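First up is the structure itself, then whatever we jot down about it.
Keep in mind the model is a prediction, meaning the values are calculated, not measured. Proteins come first, then strands; the chains are lettered A, B, ... in the order of their sequence lines, and each starts at number 1.
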Amino acid sequence: MDAKTTNPLAAHLLGWYDRHHRDLPWRVGPAMQQAGQRANPYHVWLSEVMLQQTTVQAVKPYFQKFLVTWPTVVDLAAAPVEDVMAAWAGLGYYARARNLKRCAEAVANDHGGLFPDTEEGLRTLPGIGDYTAAAIAAIAFDRPAAVMDGNVERVISRLYAISSPLPASKPIMKGKVRELTPIERPGDFAQAMMDLGATICTPKRPACALCPFNGHCLALREFDPENFPLKAPKKQKPLRQGAAFVAVSPEGEIFLRRRPASGLLGGMTEVPNTAWTARQDGGTTADHAPFSADWQSCGTVIHVFTHFELRLTVFRAVTARSSDASGWWEPVDHLEAQALPTVMKKAISVAIPTAFNGADMNSPAMKRKSR
DNA sequence: AAGCCGTGGTA
DNA sequence: TTACCAAGGCT
């Protein structure tokens, strides 16, 4: 390691990473890189987008499924967007899936199927912001980009005992990351910082005794690391209510619609439902049904979104299959192929308990959320 | 630039 | 139970 290009702190962290790095499906570990293997930019990009505000555990099966279905970015660019949305269903933040598809098309059509190899070039693509551009540039292209995500913010805020709250403190912390990022192995350094934040420098009860920075951490020396980073207070979530209508035909089909392309659950599939209102006194009765039928109340779904909590009253009716241009009838045993967000799967499960047999919908945790 | 945008795991 | 929050981006 060159002392001129790699500061002592970064060198120390890289040594820790060589011994304690996580093995992840999209990652090429230090040993394999030593043997000349490089990270695949498509894999790095796909994993980084999936990992935005999402846990490693949740991402793993989706990452594998996407790679099997679409082995290259050109394959993904050629895929029907409905297929991509259906494959993404359950991961959340569905604008990511729409942008993923748009980004793949841009790479395939405007960049000859190759990702730009600089932070600036990557930053112009849909769904790639400051963090993701830096991460891909560092991990896939060995660029010394300053990679800062929530993990890095936590590590840096503790290492330097940053006294101002997020998000205002971001530029200060970004400057610290820029200083620390080495010319050699910038991708490993970024991943090392994130591994450290995920496994040692955790939000609660950090394992400071095991931390490679425990001799340099100002928060550990002077304060309580658990109190960092400081954060601006957050608002509480309002409650919204509505009703959902599960219409089943005698042939065993269910009536579905497509949601508008943008906004909440944009482009995803739904059962008919009322507007979700903050009012406590209406919108949950059968008079708001999409068409008249013998609607029977069959339960309630509680679902928590990012900025509100939803209480959904579910109605069910068996009704002759009518032609309705606003949607389509889908066999109940074919729902797995649909782009149904989790809240819709919950609602359908309340009306048709066997709809997602074998899936998570019937887990004790899921049942507890529905009454 | 602050609000919008999902979901599941953890303590 | 409730609260927090995880490899953020877009408008």
Inset, instruction - For A:Lys346 and B:dG6, give me the distance from atom NZ to atom P, rounded to whole Å. - result: 14 Å
Inset, instruction - Using the P atom as the reference point in each nucleotide, state the distance between B:dA11 and C:dA7 in Å, no decimals. - result: 15 Å
Inset, instruction - Send over the distance from A:Met268 CE to B:dG6 P, rounded to a whole Å. - result: 9 Å
Legend entry - Partners passing side chain to side chain contact (heavy atoms under 4.5 Å, CB included) against A:Gln52 (at least two apart in sequence or in another chain): A:Val49, A:Arg96, A:Thr132
Inset, instruction - Not counting sequence neighbours, which residues clear side-chain hydrogen bond (donor to acceptor under 3.5 Å, both in side chains) with A:Lys176? List them please. - result: none
Inset, instruction - Sugar-phosphate means primed atoms, P, OP1 and OP2; the rest is base. With that split, encode nucleotides 5-11 of chain C 5' to 3' as B, S or - using protein heavy atoms under 4.0 Å. - result: SBBBSS-
Inset, instruction - Check the distance between B:dT10's P and A:Gln57's CD and give it to me in whole angstrom. - result: 6 Å
Legend entry - For A:Gln53, all residues meeting side-chain hydrogen bond (donor to acceptor under 3.5 Å, both in side chains), sequence neighbours excluded: none
Legend entry - Rounded interatomic separation in angstrom, taking CZ from A:Arg98 and P from B:dC4: 16 Å
Legend entry - Residue pairs involving residues 26-42 of chain A (criterion salt bridge (Lys or Arg N to Asp or Glu O under 4.0 Å); sequence neighbours excluded): A:Arg27-A:Asp195
Legend entry - B:dG8 to C:dG9 separation - P atoms, rounded to the nearest Å: 22 Å
Legend entry - Spacing of A:Arg259 atom CZ relative to B:dC5 atom C1', expressed in whole Å: 12 Å
Legend entry - Distance, rounded to the nearest Å, where A:Leu264 contributes CG and B:dG6 contributes C1': 9 Å
Inset, instruction - Tell me what A:Leu265 touches on the nucleic acid: a base, only sugar-phosphate, or nothing, going by heavy atoms under 4.0 Å. - result: sugar-phosphate
Legend entry - Closest nucleotide among B:dC5, B:dG9, B:dT7 to the A:Val343 side chain: B:dT7
Legend entry - Contact under 4.0 Å: A:His307 side-chain N or O vs B:dC5 OP1/OP2: yes
Inset, instruction - Evaluate the ring planes of A:Phe245 and A:Trp295, with Trp represented by its six-membered ring, and classify them as parallel (under 30°), tilted (30 to 60°) or perpendicular (over 60°). - result: perpendicular
Legend entry - Atom pair distance, as rounded to whole Å: CD1 in A:Ile302 and P in C:dT1: 11 Å
Inset, instruction - Could you tell me whether the phosphate oxygens of B:dG6, OP1 or OP2, come under 4.0 Å of any side-chain nitrogen or oxygen in A:His303? - result: no
Legend entry - Partner residues of A:Pro25 under the side chain to side chain contact (heavy atoms under 4.5 Å, CB included) criterion, sequence neighbours left out: A:Lys60, A:Phe63, A:Gln64
Inset, instruction - Round to the nearest Å and state the distance from A:Met50 atom CE to B:dT7 atom P. - result: 15 Å
Legend entry - Most 5' of A:Lys235 and A:Ala95 on DNA chain B, judged by nearest nucleotide: A:Lys235
Inset, instruction - Report which part of the nucleic acid A:Gly266 touches: base, sugar-phosphate, or nothing (heavy-atom distance under 4.0 Å, all strands). - result: nothing
Legend entry - Between A:Thr55 and A:Gln57: side-chain donor-acceptor atoms closer than 3.5 Å: no
